[in-house]
Structures are given as C-alpha cells and as structure tokens.
Amino acid sequence: MLTRGIANSGVRGTGELLSTVKFMVQTLAAAGELQRDLQRELTYDGLTTG
C-alpha cells in the first residue's frame with residue numbers, strides 16, 4: 001500500500017523511483033545475507049570451540 005502511494009505521487013520519475021526501490025531491495029537483501037553468514041559463523045565457532 002505504501003508503494004502505491006509513492007507511485008501515484010508523480011509520474012515524472014517512475015524509472016528513477018523503480019531503480020531506487022530496486023537498489024534498496026538489493027541493499028536489504030545483501031545485508032540479510034551478511035547477517036545470515038555472520039550468524040552461521042558465530043554458531044559454527046561456538047560449536048567448534050565449545
């Protein structure tokens with residue numbers, strides 16, 4: 001519902017908006033991957049050292 005409001009707010013920069021949203025999604029996805037990897041490493045370290 002939020003994105004619909006943003007999209008309706010102006011036609012002028014739709015392509016710009018889409019690329020910004022895509023960039024944000026990619027950034028969030030990358031951050032999520034890093035967090036998963038870090039969590040996995042911490043868990044692995046805990047298991048091996050424990």
Side-chain angles (χ1 to χ4, degrees):
M1 94 182 88
L2 178 67
T3 48
R4 192 182 303 143
I6 295 171
N8 288 342
S9 66
V11 183
R12 57 157 188 83
T14 308
E16 192 180 322
L17 177 71
L18 283 175
S19 63
T20 303
V21 169
K22 194 162 38 167
F23 175 75
M24 284 168 58
V25 169
Q26 287 173 342
T27 305
L28 286 170
E33 264 181 56
L34 282 173
Q35 196 174 8
R36 261 201 318 277
D37 291 347
L38 185 64
Q39 195 69 45
R40 196 180 301 130
E41 279 184 43
L42 289 172
T43 305
Y44 183 73
D45 289 346
L47 287 173
T48 54
T49 56

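Remember, it's a predicted structure, so these values are computed and weren't measured experimentally.
- Under a 4.5 Å side-chain heavy-atom criterion applied to ILVMFWY residues, the cluster that includes L38 comprises L42 as well.
- To the nearest 0.5 Å, the span separating CD on Q39 from CD on E41 amounts to 10.5 Å.
- Applying the side-chain hydrogen bond (donor to acceptor under 3.5 Å, both in side chains) criterion to R36, with sequence neighbours excluded, gives no partner residue.
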